[in-house]
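Naming convention: chains lettered A, B, ... in sequence-line order (proteins, then strands); numbering from 1 in each chain. Predicted, not measured: the structure shown is a model, and the values here were computed from it. Scope of the values below: all heavy atoms of this structure, side chains included, with no hydrogens, waters or symmetry mates.
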Amino acid sequence: MADAPHIPDEAEMRARWGGFAWDDQSAPQVDGIIARYPPGRQHSAIMPLLYLAQAQVGRETGTYGWLPVPVIEHVARTVDMPYIRALEVVSFYTMFNQAPVGRHLVQVCGTTPCMLRGSDDVMAACKNKGLIKGKTTPDGLFTLMEVECMGTCANAPMVQINDDNYEDLTYDSMTEILETLAAGGTPKPGPQIDRHASAPEGGPTTLKAMVSENHDYRGEWA
Amino acid sequence: MPTLTVDGIEVEVPAGATVLQACEAAGKEIPRFCYHERLSIAGNCRMCLVEIAPGPPKPQASCAMPAADKMVVTTNSEKVRKAREGVMEFLLINHPLDCPICDQGGECDLQDQSIAYGKGHSRFAENKRAVTDKYMGPIVKTIMTRCIQCTRCVRFAEEVAGMEEIGALGRGEDMQITSYLERAVTSELSGNVVDLCPVGALTAKPYAFEARPWELRKTYAIDVMDAVGTNIRLDSRGRQVLRCVPRINEDVNEEWAHDKTRHHVDGLVRRRLDRPFVRREGRLVPATWAEAFESVKAAAEAAGDKVAVIAGDLVDAETMYAAKLLARSLGSDLLEGRQTGMAYDVSSLAAVNFNTTIAGVETADAILIVGSNVRWEAALVNTRIRKAVKAGAKVYAIGEEVDLTYPVEWLGNDIGLLGRLPQALLDTFADAKQPMLIVGGAALKDGQGASLALVETLGLIKDGWNGYNVLHFSASRMAGLMLGYAQAGGIRSIAQAAPKLTFLLGADEVDFAAHALGTLVYVGHHGDKGAAAADIVLPGAAYAEKSGTWVNLEGRVQRGDRAVFPPGDAREDWAIFRALSDVLGRTLPFDTLDALRAAMARDVPMLAEPGLASIPWSAPALPISAEGGALGLPIKDFYLTNAICRASPTMQRCSAELLHGETFAEAAE
């Protein structure tokens, strides 16, 4: 467990987060989220509320956000759930962070399609920029994680950075994205090559006549 | 009622039964780890695989599959055998196989089932997973690498104990069972997870490395830590009881026991009175039995018929009966068992009995608790109430607010509320089919008349249902009341009669400073408050060292056997009285325990046969005290309620850590 993420000890967390309360941005959403579920089933709201709390912690710390224990307890109290049950949820789902993260949470997909299409290069780009798997860079900008399939296999390899996907990456384009983020810029999300979403590179290769207007191909079938 | 075939045997099972239960009904053994009769079904260990037709062509987990009509179940096919071997091989991949140093060895489900259903060898050559041990408090020791994630402990904590403090963190291979933030589990039932754990992941901390199960002598006994009368098995080696585990009795304790029952046993070998003592010049000095008896004789001759007997909380009926006969032969009927000075009316035994019965609590649909922390006074009655609440019962309570592990509507801490119950409660009780009232010891003082009046108001007594219950706390109480250990004014009446000689039967809770009781002869087993105040100490046997009869709070007569012999010169209590009667020249009419029991059965037929005594209902007309007043709770410290647990290091630590918030550093391992 030498590479386990560093979770602040409990006293430290309680001192910093013991007074956690929903802020102006989260508070109006809480009741709406709980109201999505039938009365008596408010426990079901635990996941969206934890996500909301994680985002609020992110706003308060200028990072992507994580869930300190006192915050988890606050959310559990909101839906009247025993603490251990909320902690079980947090520890089960990888999208809840149990340790502090940097401003940009870089999640590199390493599952088979991305791996075949070059996720090792993407990892190498991260490594050369000083990112270490499971760690936050000393300047607090980046936290690197390797994750399993994010469902964007047609655009492999891909990374998810905070709430955006960056797809069709190469060593160079990944380096550029990290440099842009480090400089405070906003890289263009989506495919980093000349394609729209998961459409073919360089424009359509089939049904070209239908790009701008409807076209009846039936006469050409012969 | 589905009818299905299991290995060619046709069985009919109740609707809603599982395939596993159907297989058991057919006499087929199905291996299992996660399934437990008293917990919800998890279906995660996969050990109970069977073949089911019609259905998909793969083995099914029988514990989670409802039995259906015309199902054909095969439990012994080659496919099933291979599937179980596969499951077992996977379970053992991450199990350390450290059986030689594991406390579960010899009574381990994983051991037994790997012999019966496993492959016998492993093909796993890679590194095993290891898990850090978790802290779960003073009772439960954890070796989490052994855990197979059956989640029985998690389900027990949530469903039965009602303390959601144990959970499974992480997922997949990284899943770990832990208490919340590794804090001590704050339930009085936490020890039960040790029995539930099918492997050696959760073992008893006080019993760690003490003994192997096959070297223990097992004796069936009755627990005296509270009035529930938990059926227990005492495991002893040589002259020491090493552990105490519950036996199954559906009417009393199901298969649970609270932590005090389980772990008071180390108190049985500490602070024991192992020789007689006589007070000379203000100090208790060791004496021989003959000297001690001579001192008693001298006191008895001076006292004439001014003799009293005060029974403690733990004594058996035989001791009380022997003492009663001796007192009667000396011309006295001054008997009292309610040491703390309570003085409720006992003219009708039914009116101070738990009439609904413990098992009956489960079917109640409206419950009013008056002046009782049921969780501490009768933890296993509390689990029954919890079951009733889960089935839809509504619980109201009057008294000091405590956490009873289920939702309770607290009406306030004022006994006067009995006379002016809120309309909502009256409506609930009017609609209830099986309403019940539980009157705790704290409420009997001023509220006995008012609570009896509620029998009428709340309609507690119906056809086949008696909802009036008094919750006693002392194991000796019901037998004491049957034997007449009650004076109209309680201890005060005894003191007013100015006895010159008082026998204390393990009575440690009496306020000796407040009552002049003459020469005190303490017949008991622990050097506690009673012995400290006594003038003559006659060393007796603790409950584990004698065969005795106890009557639990519902009037159930139960017999416990002797597990070990009393230490040193100590003798069984009834024999002490028999020998003393000889010295006093008033020989008691029995020479054996059987003869004593026969005489007692003639005197008090209710005590003759084990089983629920039939106590016909009658309610005394009592004045209703108009005054209100706050109710105290009789138990201040759950873990230190009697001489045995006060002498137990484990109970002292539980009290310090769980109730007084002291922290104990774990030794580095």
Query raised in the report: How about residues 22-30 of chain A versus chain B: which residues have heavy atoms under 4.5 Å apart?
Result: none

Compile the donor-acceptor pairs under 3.5 Å between side chains in residues 177-187 of chain A and protein atoms, sequence neighbours left out, one pair per line.
| residue | atom | partner | partner atom | Å |
| --- | --- | --- | --- | --- |
| A:Glu179 | OE2 | A:Lys129 | NZ | 2.8 |
| A:Thr180 | OG1 | A:Glu176 | O | 2.7 |

**Report entry** Pairs involving residues 37-51 of chain A, ordered by first then second residue, that meet salt bridge (charged side-chain N to carboxylate O under 4.0 Å, His left out) (sequence neighbours left out)
**Finding:** none

Write out the donor-acceptor pairs between chain A and chain B under 3.5 angstrom, atom names and distance to 0.1.
| residue | atom | partner | partner atom | Å |
| --- | --- | --- | --- | --- |
| A:Glu10 | OE2 | B:Arg183 | NH2 | 3.1 |
| A:Glu73 | OE2 | B:Tyr180 | OH | 2.7 |
| A:Arg85 | NH1 | B:Glu158 | OE1 | 3.3 |
| A:Arg85 | NH1 | B:Glu164 | OE1 | 2.5 |
| A:Arg85 | NH2 | B:Ile166 | O | 2.8 |
| A:Glu88 | OE2 | B:Ala168 | N | 2.6 |
| A:Ser91 | OG | B:Gly170 | N | 2.8 |
| A:Phe92 | O | B:Arg171 | NE | 2.7 |
| A:Phe92 | O | B:Arg171 | NH2 | 3.2 |

Report summary line: Scored by heavy-atom pairs under 4.5 Å with chain A, the best of B:Ala130, B:Gly172, B:Ala168 is B:Ala168

Query - Minimum heavy-atom distance between A:Ile84 and B:Ile166, given as atom pair plus value - result: CG1-C, 3.8 Å

Query raised in the report: Are there more than 12 heavy atoms of other residues, nucleotides or ligands under 6.0 Å from atom CZ of B:Phe90?
Result: no

